[in-house]
Amino acid sequence: MAGRFSSESYTFVDPYTGDVTGQFARNDTLMQKVRKLHGELLLGKKGRWVIECSRELASVVHLL
């Protein structure tokens with residue numbers, strides 16, 4: 001599954017031996033947490049709604 005806040009995981013493989021050298025989930029990264037804070041205020045759909053409303057309000061104020 002791919003998308004904005006998908007739960008992809010990354011696997012690192014040694015190309016010479018084929019051994020798995022590491023693995024981590026995308027949701028565990030600092031950057032993913034920063035994206036969720038910026039895009040949803042860590043509140044999920046409610047946070048996204050707040051962001052959308054504030055963006056629209058800023059657009060209207062900018063036009064005045």
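All heavy atoms count here, side chains included; hydrogens, waters and symmetry mates do not.
- Between the CE atom of Met31 and the NZ atom of Lys36 there is a distance of 13.5 Å, given to the nearest 0.5 Å.
- Of the possible polar contacts, none joining the Asp19 side chain to the Thr21 backbone as a donor-acceptor pair under 3.5 Å is found.
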For Val50 and Leu43, what are the C-alpha separation, side-chain angles and deciding distance, and is it a side chain to side chain contact (heavy atoms under 4.5 Å, CB included)? CA-CA 9 Å; Val50 169; Leu43 297 173; 5.6 Å; no
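- Summarising the geometry of Ile51 relative to His38, their closest heavy-atom pair is CD1-O, 3.9 Å, with the distance given to 0.1 Å.
- Taken from NZ in Lys45 to CD in Glu40, the straight-line distance is 10.5 Å, to the nearest 0.5 Å.
- Of the possible donor and acceptor atoms, none in the side chain of Thr29 sits under 3.5 Å from a partner among the backbone N and O of Ala25.
- Between Phe24 and Phe12, the two ring planes are parallel [angle under 30°; tilted spans 30° to 60°].
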